[in-house]
Student: 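Sharing a structure with you now.
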Amino acid sequence: MNALRTTEALLYLDDVHRSFDGFKAINGLSFAMKSGELRAVIGPNGAGKTTMMDIITGKTRPDTGTVLWDGSVDLTREDEADTARLGIGRKFQKPTVFETHSVEDNLLLALKDDRGVLATLFARTSKAQAARLDELLALVRLSDRRKDLAANLSHGQKQWLEIGMLLAQDPKLLLVDEPAAGMTDDETMRTADLLKDIAGAHAVVVVEHDMEFVKALGCRVTVLHQGSVLAEGSLEHVSADPRVVEVYLGR
Amino acid sequence: MLSRLLDPRTAIFMAIMAALTIGVPVLNGAGLLPDYLVPLLGKWLCYAILAVALDLVWGYAGILSLGHGAFFALGGYAMGMHLMREIGPRGVYGDPILPDFMVFLNWKELPWFWLGFDSFPFALLMAMLVPGLLAFVFGWLAFRSRVTGVYLSIITQAMTYALYLSFFRNEMGFGGNNGLTDFKDVLGFDLQSGSTRAGLFVLSAVLLMLTVLVCRAVVTSKAGKVLVAVRDAESRTRFLGYRVEGYKLFVFVLSAVIAGLAGALYTPQVGIINPSEFAPAESIMVVIWVAIGGRGTLIGAALGAVLVAAMESWLTGVAPELWLFALGAMFVLVTLFLPKGVLGLFGAGNLPAFAKRSEVPA
Ligand SMILES: Nc1ncnc2c1ncn2[C@@H]1O[C@H](COP(=O)(O)OP(=O)(O)OP(=O)(O)O)[C@@H](O)[C@H]1O
Ligand SMILES: [Mg+2]
């Protein structure tokens, strides 16, 4: 293991394997992220993008390989709640918000705070928290919907609410799976801007199929294919790579 | 704080309960309410408490327990054991220590697990502790292994069924098939006297009100919001950093303790506790009460329990063969036409609606 990389990287995956019933969904995947970095991950359907996020967040255990957080924490031993507490926030491919809660309560539940049963039983929303909620609502443009049930939001608004919930957690790393799906062009570009704003203060991994969106992010791109990295670099660099072209066009 | 606990409907419910708490004993004392009705009403209130306890776990945390009758029955047995020991030498066989059924079985001394039950506080403690402990062990194993949905429901049925079979056995030491009965008095008060019965009714009413308040406090807290989050999207809740199993365990145990207390008040009012209380169908009945009354509302559950129990008492009197059909019809009609239960008829559409389960994809 490269000692320098492991200490420097916020997230470090090395030679990770995971198969489902003999199918190698993740096959020798290596991947590293610095604090504050913005990274796009692309790849055809079934390339293993979501599974990679599952592994990072402790939802899926790798068969073999190293998954290190902050150079020291072995993420393969942690579950979803642990990784969230370590500072990894995740937005799902299919937007998942708490439908029967108001928009405001969705954010309140996500807000960084003590997650224990006793603490929440007696919790009161502090002034600082209320102010932070206002801020987040404005940021995701849902201020006028704060009392509405999340179930009544449009698809795009749910995506934004979920991004808001991610930010409320104030994680060190955000894993954002296909945020632009179901959004209008305008919303898509606003989402790209939002993610660019977030990066720097937080590391962000964005999985996306929409190339316009990836271009708008203007960041380093990792191409996954059949469970491992096919190419990595700027968007121009990877799109010039004949293997990448073949993977995308050859299907 | 109080305004948080008492939303308009809960406030109305409390007012009605307060009126009953005073009204029933007064009317009975004045000869306007027949004696037999007092323990019957008390019994229905015990059912109502059990229903509220189930609604806490099912309506809010999405845990469909089909074994809550077991917690209720365990509480009932704990109190029954105390009442048996209170009989003392007044039993048929006149043994100062051993309950009649033990003398009949030729037992020479009290089994160890009957020790201490001569004390009322101890029995009351056990009525909470035993169901609570069972719920803790069961929940700890099930929730930690992430058993959910229909699988969880099935193992709760298995739990109550196993207890059902065990309590039938004479060797278990709980009176077998006949259970525990022929109680004489509690804390020196004659169980047959009108004033004791009125007292037990008042206690049941007070416990129901307290239960609703405690459950309201839980569901209106941030922890309550976490429970609803678990119900709607369990894995999303985990990814926010909440230990879902801890929250489930907390409400499950709390609910079991409440159910145990309800059982403890039930036994002296009906005068008997036997293994039939553990029957899987009894636990399913509790779910029907909650569904008919209105899931996820607490007071709807209480309403459903009383409505159905009253209907059962009445129909099994006039046309027993119709009861199961009537119950089935009621259940179907409510499901089809009153998705929010009977309580949904009473205004305020601000219930947490039940959206389709939106679970996180694999
Ligand atoms: N829990 C699982 N059980 C079985 N197979 C799985 C599981 N999770 C993922 N897979 C398989 O692993 C492969 C990679 O899936 P993954 O969801 O990671 O792809 P993806 O890159 O996110 O694709 P998409 O762009 O369609 O979202 C797929 O063939 C999928 O069927
Ligand atoms: Mg995916």
Side-chain angles (χ1 to χ4, degrees), chain A residues 20 50-51 53-54 57-60 79-102 104-125 129 147 149-152 158 162 165-166 168-169 171 175 177, chain B residues 1 4 59-62 139 143-146 214-254 295-297 340 349-362:
Chain A
F20 297 105
T50 300
T51 309
M53 293 193 171
D54 287 345
T57 52
K59 182 170 194 260
T60 298
D79 69 8
E80 300 96 317
D82 291 323
T83 56
R85 289 172 185 208
L86 283 169
I88 303 176
R90 176 166 185 190
K91 198 201 91 53
F92 294 95
Q93 186 161 351
K94 175 170 168 266
T96 343
V97 294
F98 303 122
E99 307 248 321
T100 62
H101 275 312
S102 66
E104 189 178 17
D105 280 348
N106 269 275
L107 291 171
L108 176 71
L109 285 173
L111 218 52
K112 192 173 188 170
D113 204 349
D114 192 330
R115 297 307 203 213
V117 178
L118 268 182
T120 53
L121 262 181
F122 300 102
R124 297 185 155 269
T125 311
Q129 285 179 322
K147 298 285 176 200
L149 290 187
N152 299 333
K158 283 182 193 172
E162 204 179 352
M165 289 166 73
L166 268 191
Q169 291 175 68
L175 303 173
D177 205 346
Chain B
M1 179 71 182
R4 192 185 102 188
Y60 292 87
F143 301 144
R144 213 179 44 122
S145 326
R146 303 198 181 175
V214 167
C215 292
R216 281 285 302 171
V218 171
V219 303
T220 57
S221 71
K222 189 175 172 190
K225 293 186 206 284
V226 176
L227 292 175
V228 171
V230 169
R231 181 194 76 191
D232 286 353
E234 176 165 339
S235 98
R236 185 88 200 85
T237 318
R238 286 185 202 281
F239 282 106
L240 286 181
Y242 291 100
R243 290 240 158 270
V244 167
E245 48 279 12
Y247 282 84
K248 286 186 174 178
L249 198 56
F250 164 71
V251 272
F252 197 60
V253 170
L254 175 63
R295 180 187 167 201
T297 62
K340 288 175 182 170
N350 56 356
L351 300 178
F354 284 88
K356 283 180 236 76
R357 264 189 91 75
S358 54
E359 253 305 327
V360 173

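Not measured: the values here are computed from a predicted model. Residue numbering restarts at 1 for every chain, and letters A, B, ... go by the order of the sequence lines.
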Student: Contact part of A/Leu86 toward chain B, heavy-atom cut-off under 4.5 Å: side chain, backbone, both or neither?
Tutor: neither
Student: To the nearest 0.5 Å, what is the distance between CZ (A/Phe98) and CZ (B/Arg236)?
Tutor: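 Spacing of CZ (A/Phe98) from CZ (B/Arg236) equals 6.5 Å.
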Student: Applying side chain to side chain contact (heavy atoms under 4.5 Å, CB included) between B/Arg243 and each of A/Arg115, A/Arg85, A/Glu80, report the one that passes.
Tutor: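 Between B/Arg243 and the candidates, side chain to side chain contact (heavy atoms under 4.5 Å, CB included) is satisfied uniquely by A/Arg85.
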Student: When heavy-atom pairs shorter than 4.5 Å are enumerated against chain B, which of A/Ala119, A/Ala81, A/Gly58 gives the highest number?
Tutor: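 Ranked by heavy-atom pairs under 4.5 Å with chain B, first place is A/Ala81.
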Student: Does any heavy atom of chain B fall under 4.5 Å from the side chain of A/Ala110, the backbone, both, or neither of them?
Tutor: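 Both the backbone and the side chain of A/Ala110 come within 4.5 Å of chain B.
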Student: Is there side-chain contact between A/Asp82 and B/Arg238, with heavy atoms separated by less than 4.5 Å?
Tutor: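 A/Asp82 vs B/Arg238: side chains apart.
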Student: I'd like to verify something: which residue of B/Gly246, B/Gly224, B/Gly241 has the highest number of heavy-atom pairs under 4.5 Å with chain A?
Tutor: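 Between B/Gly246, B/Gly224, B/Gly241, the count favours B/Gly241.
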Student: Please determine, among A/Thr60, A/Leu109, A/Thr125, A/Asp79, the option with the most heavy-atom pairs under 4.5 Å with chain B.
Tutor: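 Highest number of pairs under 4.5 Å: A/Leu109.
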Student: Only counting residues at least two apart or in another chain, list the ones meeting side-chain hydrogen bond (donor to acceptor under 3.5 Å, both in side chains) with A/Asn152.
Tutor: none
Student: Could you go through the side-chain hydrogen bond (donor to acceptor under 3.5 Å, both in side chains) check for B/Tyr242 and A/Thr120 one step at a time?
Tutor: CA-CA 10 Å; B/Tyr242 291 100; A/Thr120 53; over 6 Å; no
Student: Given the options B/Leu240, B/Thr220, B/Thr237, B/Val218, which has more heavy-atom pairs under 4.5 Å with chain A than any of the others?
Tutor: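 Result: the option with the highest number of such pairs is B/Leu240.
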Student: Sequence neighbours excluded, which residues qualify as ring-ring contact (aromatic ring centres under 6.0 Å, His included) partners of B/Phe250?
Tutor: none
Student: Between A/Met165, A/Glu162, A/Lys112, A/His101, which shows the greatest number of heavy-atom pairs under 4.5 Å with chain B?
Tutor: A/His101
Student: By the definition side chain to side chain contact (heavy atoms under 4.5 Å, CB included), identify the one residue from A/Thr96, A/Leu175, A/Thr57, A/Leu166 that meets it with B/Phe239.
Tutor: A/Thr57
